[in-house]
Participant: 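I'd like to ask some things about the structure below.
We count ligands from 1, going down the list as the structure has it; atoms in each ligand are counted the same way.
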Amino acid sequence: MESMKRRDVGLVSGLITVAQALKRHAHDGFTTNLRVVSQDRMYLAFLAVSCAGFSSLAAREFIALGTRDRMSATSAIKESLTMLDLHRAEGPKPEASSASDSSTKSGKGRGKGRGKGRGKGGKGGKVGADFWRELEYLVKVAMPTPHCQMAQLLAAQFTLLVMRTLLTVRANKVNTFYLTKAISTASWKFWVRWFFNFGGWMGSAVVVNSGLRYTETLIQIELRNALTRHAHKKYMTANNFYRTAVLRDGGLDNVDQRIVADIDAFSREAAFLYGHSFKPILEFTLSLTEAAKELGYSRPLALFGAQIFITTVLRQMAPSLGKMVAREQALEGGFRHTHARLIAHAEEVALLGGAPREIGILDDGLKNLVVTQRWHALQRIRKSVADNVSKFQGLLVGSIFVHVPFMLKSTSEGERISLFRATEELMLRCGSAFTEVLLLGRNLDELAGYTYRLGQLFHTMDRSIEDADAKRKTEESAGEVDLFTGPKDAISFDGVTVGAPEQTGYRLLVKNVSLVVGPGEHLLITGPNGAGKTSLLRVLAGLWEPIEGHVSTPKAENYDGGKVMMWLPQRPYLLQGSLRDQVVYPNIALAERARRGKTKRVDANAVADEDERVKQCLRAAGLGKFVDGGVPGVSLDTRHLEWNDVLSGGERQRIGFARLFYHSPPFAILDEATSAINPDEEGQLYERVIEQGTTVVSIAHRLELRKFHRKELKLAGDGSGGWELHKNEAKPGSRGGDDKWKLVDKK
Ligand SMILES: Nc1ncnc2c1ncn2[C@@H]1O[C@H](COP(=O)(O)OP(=O)(O)OP(=O)(O)O)[C@@H](O)[C@H]1O
């Protein structure tokens with residue numbers, strides 16, 4: 001009770017003493033600190049610039065992310081949630097698929113690839129000359145000009161970094177000096193100076209640290225944004241998304257993982273390194289300069305020489321993190337892909353009762369990842385031991401160099417201890433900054449891992465674009481000296497040989513095909529499974545290169561410059577969006593433009609007209625029930641995240657026809673496009689397509705469709721590459737019983 005009382009009295013009287021001391025020495029404390037700060041012009045300049053930089057950045061971001069953008073981001077989130085709800089409410093329907101579905105017709109044979117791992121992104125993720133070259137490439141992508149957004153962010157962060165170092169070094173020195181002096185000599189005057197110094201330091205540190213955190217996040221976001229956009233641009237050029245994913249050009253694994261996860265990880269690591277490497281380097285230099293005032297330069301330099309030697313020896317013990325990161329990322333991508341495939345084929349797996357088999361496949365993917373991660377964790381112990389020894393030995397070895405001059409100094413006790421504490425503080429900072437610099441090597445190693453994977457990604461896509469450009473140029477120059485250009489208003493194959501890509505070369509599918517499909521000369525391609533029917537059309541689309549010969553497609557200028565050819569595969573592509581979006585794809589509907597606020601003013605009449613046209617197309621394709629109230633709650637505006645899950649196979653094919661009616665192109669390629677449609681109705685669809693003036697090239701197994709065509713290409717499919725071309729010599733327009741088919745060419 002007594003001691004409580006004494007402490008209470010001590011506490012209150014202590015507070016009173018502090019208040020009195022503050023009152024008495026406030027003027028001195030304030031003016032002394034102000035004098036110290038105002039004499040330090042560099043400090044003042046950086047304080048002003050960094051505060052101005054930080055606040056102008058934040059203000060600019062606030063204005064740039066105008067209310068409309070923020071609102072649309074929020075509504076996008078709401079929308080996808082709504083679509084997810086709808087999706088759940090409707091329940092899964094037949095034949096699920098997804099972007100990573102590799103079993104689509106065009107995707108079969110995935111993995112047989114032509115590429116032989118030509119990526120050259122550095123030697124397996126090590127920090128070496130290759131790494132710096134790749135890094136330079138990525139930096140140039142993110143920072144194309146010295147005035148770009150990224151350059152401004154880096155400059156703003158640099159100013160803040162210098163400011164923080166100045167704060168740490170200068171204010172801390174004064175802090176420690178005042179406090180030690182105040183305590184050792186029991187001086188309230190010095191204590192009040194310390195109090196004011198600390199207050200000022202704290203205020204600046206709060207601003208500067210918040211600014212640093214903010215700019216680091218912005219740098220990371222901007223880096224990711226710039227690199228991902230660059231990747232998207234390349235990915236969508238020269239059909240790179242197809243070449244890398246289906247043909248495995250360049251032997252790249254999991255391109256999606258590289259674009260989505262690796263770029264993000266690289267950006268995080270790079271922003272961290274930038275923010276955290278300048279700090280210790282600056283802190284080291286500034287602390288050393290200050291400490292040298294007491295210790296001279298020889299002692300600190302000898303100390304750091306010793307540190308470099310010890311750390312170099314320790315580093316030899318550590319494994320290369322870059323390689324580990326690259327390997328783990330590849331396995332992560334593979335594991336994610338197995339999950340994506342399960343979602344894509346959820347219904348087939350459920351119907352086949354494949355869960356027990358699938359769990360094995362999923363667990364195998366996980367096992368590979370876990371085993372590798374556990375092995376890497378073991379390797380990292382060496383790294384961590386080396387890092388920690390390196391960190392703590394600094395204190396021990398450092399004391400030998402720092403303590404000596406103070407032990408030998410003959411000054412008053414108070415003076416010696418204040419100077420020692422201030423210098424020791426500086427040397428400790430200096431030492432830890434030095435160790436931090438050395439430890440940054442670890443982050444650099446990790447960065448090398450991501451850089452390696454991104455290097456491979458960008459170089460593979462670059463090469464593919466270069467190849468496509470070179471091919472186009474060769475064709476253009478060949479056109480000038482007139483080799484083969486083909487008729488301008490027709491599809492034509494001139495001596496075309498097609499092969500399926502294999503590990504080493506090609507497997508012959510079709511040999512030396514020559515034929516022309518002019519307007520109205522509807523062509524049917526038939527043949528056994530795997531004969532090469534779709535492959536021939538892949539060559540026509542430019543997805544595959546012919547082994548020999550030339551393909552020429554109708555020129556847009558002969559058809560009012562519009563879309564000339566349209567593809568209708570067996571499983572039409574359906575996008576995330578409204579029913580209207582499905583029909584007008586790849587165009588953007590006027591209503592959608594208005595909804596997104598993309599166009600300033602969208603004419604309401606034009607929207608209504610377009611909607612009416614879309615409805616007509618859906619009706620013509622036999623999907624009138626969706627727009628005429630046949631299915632409650634469904635209209636042109638109905639949106640689903642995954643339309644594949646909510647439409648039947650036949651309905652999906654009809655959406656393809658609605659799209660074809662909407663675009664009404666001069667030529668259409670129908671690749672088993674009616675396979676899921678009732679045979680009685682497929683004829684009507686064909687008739688409508690032909691009536692609208694579209695010339696069709698069909699692949700079909702059902703012979704009933706023969707009557708809609710004027711030519712038939714029969715592929716032998718026996719490995720010889722043989723084929724026969726038959727022609728219906730009956731009058732155009734006469735069908736069925738009037739067919740007069742004649743063999744006109746064969747190989
Ligand atoms: N990306 C690919 N990589 C390697 N081989 C492929 C690839 N795509 C298809 N193939 C192979 O090419 C051959 C011809 O395929 P294609 O799709 O042209 O056959 P199709 O005549 O259309 O058969 P179907 O009637 O069964 O649809 C098949 O043996 C197939 O495995």
Participant: Going by an N to O cut-off under 4.0 Å, is there a salt bridge joining R654 and E681?
Facilitator: yes
Participant: Hey, looking at atom 13 (C) of ligand 1, which of G530, A700, G717 has the closest heavy atom?
Facilitator: G530
Participant: Can you find an N/O atom of L509 closer than 3.5 Å to an N/O atom of ligand 1?
Facilitator: no
Participant: I want to confirm something. Looking only at heavy atoms, which of N529, V498, I525, I699 is nearest to atom 26 (O) of ligand 1?
Facilitator: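 Shortest heavy-atom distance from atom 26 (O) of ligand 1: N529.
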Participant: What residue among V496, V510, T497 forms side chain to side chain contact (heavy atoms under 4.5 Å, CB included) with P546?
Facilitator: V496
Participant: Tabulate below the donor-acceptor pairs under 3.5 Å that side-chain atoms of residues 511-523 make, not counting sequence neighbours, or state none.
Facilitator:
from, atom 1, to, atom 2, distance (Å)
S514, OG, G495, N, 2.8
E521, OE1, G518, N, 2.5
H522, ND1, V696, N, 3.0

Participant: Residues in side chain to side chain donor-acceptor pair (under 3.5 Å) with Q582, at least two apart?
Facilitator: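 If we apply the side chain to side chain donor-acceptor pair (under 3.5 Å) test to Q582, skipping adjacent residues, there are no hits.
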Participant: I want to know if ligand 1 touches W544 in the polar sense, i.e. an N/O pair below 3.5 angstrom.
Facilitator: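 No, since none of the N or O atoms of W544 sits under 3.5 Å from an N or O of ligand 1.
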Participant: If you take the centroid of each ring, where Trp contributes its six-membered ring, are H550 and F493 closer together than 6.0 Å?
Facilitator: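 That pair fails the under 6.0 Å test.
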Participant: Whether the D467 and S464 side chains hold a donor-acceptor pair (N or O, under 3.5 Å, no angle test) is what I'd like checked.
Facilitator: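 Side-chain D/A pair, D467 to S464: absent.
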Participant: Below 4.0 angstrom from a heavy atom of K533, which ligand 1 atoms are there? Numbered from 1 as shown, please.
Facilitator: 18 (O), 20 (P), 21 (O), 22 (O), 23 (O), 24 (P), 25 (O)
Participant: Could you tell me whether K625 and E651 have a side-chain N and a carboxylate O separated by less than 4.0 Å?
Facilitator: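 A salt bridge is present here (some side-chain N lies under 4.0 Å from a carboxylate O).
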Participant: Between E502 and ligand 1, which part of the residue brings a heavy atom under 4.0 Å of the ligand: side chain, backbone, both or neither?
Facilitator: neither
Participant: In terms of the angle between their ring planes, are F335 and H339 parallel, tilted or perpendicular, with boundaries placed at 30° and 60°?
Facilitator: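 Ring orientation, 0 to 90° scale: perpendicular.
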Participant: Could you tell me which atoms of ligand 1, counted from 1 in the order shown, lie closer than 4.0 angstrom to a heavy atom of H701?
Facilitator: 25 (O)
Participant: Has ligand 1 got any nitrogen or oxygen that is less than 3.5 angstrom from a nitrogen or oxygen of A531?
Facilitator: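 Yes: some nitrogen or oxygen of A531 is under 3.5 Å from one in ligand 1.
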Participant: Taking the non-hydrogen atoms of Q570, is any one of them nearer than 4.0 angstrom to ligand 1?
Facilitator: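 Judged by the 4.0 Å heavy-atom criterion, Q570 does not count as contacting ligand 1.
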Participant: Have a look at P501, S535, G527 and point out the one with the heavy atom closest to atom 3 (N) of ligand 1.
Facilitator: P501
Participant: Can the ring centroids of H230 and Y235 be said to lie less than 6.0 angstrom from one another?
Facilitator: no
Participant: Counting heavy atoms only, which part of Y242 comes closer than 4.0 Å to ligand 1: side chain, backbone, both or neither?
Facilitator: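 Y242 to ligand 1: no contact under 4.0 Å from either part.
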Participant: Please list, in number order, the atoms of ligand 1 under 4.0 Å from a heavy atom of A500.
Facilitator: 5 (N), 11 (C), 12 (O)
Participant: For ligand 1, which atoms, with element, lie under 4.0 Å from some heavy atom of E672?
Facilitator: 25 (O), 27 (O)
